[in-house]
Trainee: 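Before I ask anything, let me first share the structure, which is written out below as structure tokens.
This is a predicted model, so every value here is computed, not measured.
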Amino acid sequence: MENCIFCKIADGRIKTDAVYEDDKIIAFKDLNPVAPVHILIIPKAHISGVMALTEKDKTLVGEIFLVARSLAEQFGIADNGFRIVANSGENAGQSVPHLHFHLLGGRKLGWPPG
Ligand code: 5GP
Ligand code: ZN
């Protein structure tokens, strides 16, 4: 997608220090972190959000969760706990229309979320 900020990160038009990358997935630190560990994990292909997922994305989403699991260990938040969040649509405050999963940890996270 021409003007999608996360597509630009995924294909290198915007330079980012990736904390994980393979042929289908890239993970990088959030620009405005809301927790000591705040990483975004995204598919490189443009998918506008959770509601745009289809059957063919089943493996991809599973792989994203395994990346989250491994990053949680790498960033030292696996033992104390963490959260994986995918905001979908206006009420959830989704601000970037390219599927992304927030990996949040390093502090006590409130529940229910705001
Ligand atoms: P959403 O609100 O859509 O669930 O999450 C979008 C997230 O992307 C926000 O936490 C925001 O800080 C982050 N973000 C937006 N633009 C950029 C960017 O250019 N680089 C990085 N690293 N994060 C971004
Ligand atoms: Zn995109």
Side-chain angles (χ1 to χ4, degrees):
M1 284 274 285
E2 192 58 33
N3 282 319
C4 171
I5 189 119
F6 285 179
C7 281
K8 289 182 182 173
I9 287 173
D11 66 19
R13 276 178 288 164
I14 293 178
K15 189 109 184 62
T16 313
D17 288 330
V19 295
Y20 176 86
E21 184 168 12
D22 64 28
D23 56 331
K24 284 176 288 190
I25 297 165
I26 185 166
F28 49 91
K29 290 185 179 169
D30 196 290
L31 194 61
N32 296 115
V34 297
V37 176
H38 187 172
I39 293 167
L40 299 172
I41 309 164
I42 70 168
K44 287 186 170 177
H46 184 83
I47 299 170
S48 60
V50 171
M51 293 311 294
L53 285 166
T54 63
E55 281 285 311
K56 70 171 171 27
D57 302 314
K58 277 199 295 203
T59 307
L60 173 69
V61 174
E63 286 172 2
I64 286 174
F65 269 74
L66 289 176
V67 169
R69 178 193 185 284
S70 129
L71 287 171
E73 269 182 346
Q74 191 183 321
F75 281 82
I77 56 172
D79 288 347
N80 286 338
F82 59 89
R83 192 170 290 163
I84 297 168
V85 174
N87 291 318
S88 176
E90 193 181 340
N91 273 2
Q94 183 181 359
S95 61
V96 178
H98 178 128
L99 182 67
H100 52 281
F101 294 82
H102 299 255
L103 174 65
L104 297 157
R107 67 168 170 82
K108 186 93 179 158
L109 299 165
W111 191 265

Trainee: Show every donor-acceptor pair shorter than 3.5 Å between a side-chain atom in residues 59-78 and any protein atom, with sequence neighbours excluded, or say none if there are none.
Mentor:
from, atom 1, to, atom 2, distance (Å)
Glu63, OE1, Lys24, NZ, 3.0
Glu63, OE2, Lys24, NZ, 3.3

Trainee: Tell me if a side-chain donor or acceptor on Arg83 pairs with a main-chain N or O of His102 at a distance below 3.5 Å.
Mentor: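 Checking the backbone N and O of His102 against the side chain of Arg83, no donor-acceptor pair under 3.5 Å is found.
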Trainee: Identify whether Ile25 and Val96 are in the same connected component of the hydrophobic contact network (ILVMFWY, side-chain heavy atoms under 4.5 Å).
Mentor: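 No, Ile25 does not connect to Val96 through the hydrophobic network.
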Trainee: Determine the minimum heavy-atom distance between Gln94 and Gly49, stating which atoms define it.
Mentor: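 Residues Gln94 and Gly49, closest heavy atoms: NE2-CA, 4.1 Å.
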Trainee: For the residue pair His100 and Phe6, categorise the inter-ring angle as parallel (less than 30°), tilted (30 to 60°) or perpendicular (more than 60°).
Mentor: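 Rings of His100 and Phe6: perpendicular, over 60°.
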Trainee: What distance do Cys4 atom SG and His98 atom NE2 have between them, rounded to the nearest 0.5 Å?
Mentor: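 Going from the SG atom of Cys4 to the NE2 atom of His98 covers 5.5 Å.
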Trainee: If every non-hydrogen atom of Pro36 is compared with every non-hydrogen atom of Arg107, which pair is closest and at what distance?
Mentor: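 So the two residues come closest at CD-CG, 3.8 Å.
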Trainee: For Glu2, which residues count as a side-chain hydrogen bond (donor to acceptor under 3.5 Å, both in side chains) partner, sequence neighbours excluded?
Mentor: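 Once residues adjacent in sequence are excluded, Glu2 has no partner under the side-chain hydrogen bond (donor to acceptor under 3.5 Å, both in side chains) criterion.
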Trainee: Run the side chain to side chain contact (heavy atoms under 4.5 Å, CB included) test on Val19 and Lys29 for me, step by step, so that the C-alpha distance in whole Å, both residues' side-chain angles and the decisive distance to 0.1 Å come before the verdict.
Mentor: CA-CA 7 Å; Val19 295; Lys29 290 185 179 169; 4.3 Å; yes
Trainee: Between Ala18 and Glu21, which heavy-atom pair has the shortest distance, and what is it?
Mentor: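 Nearest heavy atoms, Ala18 then Glu21: CB-OE1, 4.2 Å.
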Trainee: Is Phe28 reachable from Ile14 through a run of hydrophobic residues whose side-chain heavy atoms are each under 4.5 Å from the next?
Mentor: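 Looking at the clustering, Phe28 is in the same group as Ile14.
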Trainee: On a heavy-atom basis, which atom in Asn87 and which in Gly93 lie closest, and how many Å separate them?
Mentor: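 Shortest heavy-atom separation between Asn87 and Gly93 comes out as CB-C, 4.5 Å.
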Trainee: Minimum heavy-atom separation for Asn32 to His38, with atom names?
Mentor: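 So the two residues come closest at O-ND1, 4.0 Å.
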Trainee: Say whether Phe82 and Val37 are linked into one hydrophobic cluster, either directly or through other cluster members, by side-chain heavy-atom distances under 4.5 angstrom.
Mentor: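 In one cluster: yes.
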Trainee: What verdict does the side chain to side chain contact (heavy atoms under 4.5 Å, CB included) test give for Asn3 and Lys8, after you've listed the backbone C-alpha separation in whole Å, the side-chain angles of each residue and the deciding distance to 0.1 Å?
Mentor: CA-CA 8 Å; Asn3 282 319; Lys8 289 182 182 173; 4.1 Å; yes
Trainee: Kindly work out whether a path of hydrophobic side-chain contacts (I/L/V/M/F/W/Y, heavy atoms less than 4.5 Å apart) joins Ile39 to Ile5.
Mentor: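 Different hydrophobic clusters.
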Trainee: Going by the side-chain contact (heavy atoms from CB on, under 4.5 Å) test, name the single residue among Ile42, Leu53, Asp57 that passes it with Leu99.
Mentor: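 Testing each of Ile42, Leu53, Asp57 against Leu99, the sole residue satisfying side-chain contact (heavy atoms from CB on, under 4.5 Å) is Leu53.
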Trainee: Indicate, with yes or no, if Leu103 and Ile9 share a hydrophobic cluster defined by side-chain heavy-atom contacts under 4.5 Å among Ile, Leu, Val, Met, Phe, Trp and Tyr.
Mentor: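 As far as the 4.5 Å side-chain criterion goes, Leu103 and Ile9 are not connected within one cluster.
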Trainee: Counting only heavy atoms not in Asp11, do more than 12 sit closer than 6.0 Å to its CG atom?
Mentor: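 It does: Asp11 CG has more than 12 such atoms within range.
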Trainee: Go through the structure and list residues passing salt bridge (charged side-chain N to carboxylate O under 4.0 Å, His left out) with Lys58, not counting sequence neighbours.
Mentor: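 Counting only residues at least two positions away or on another chain, Lys58 forms a salt bridge (charged side-chain N to carboxylate O under 4.0 Å, His left out) with Glu55.
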Trainee: Looking only at non-hydrogen atoms, find the nearest pair between Ala35 and Gly105 and report the distance.
Mentor: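 Of all heavy-atom pairs spanning Ala35 and Gly105, the closest is CB-O, 3.6 Å.
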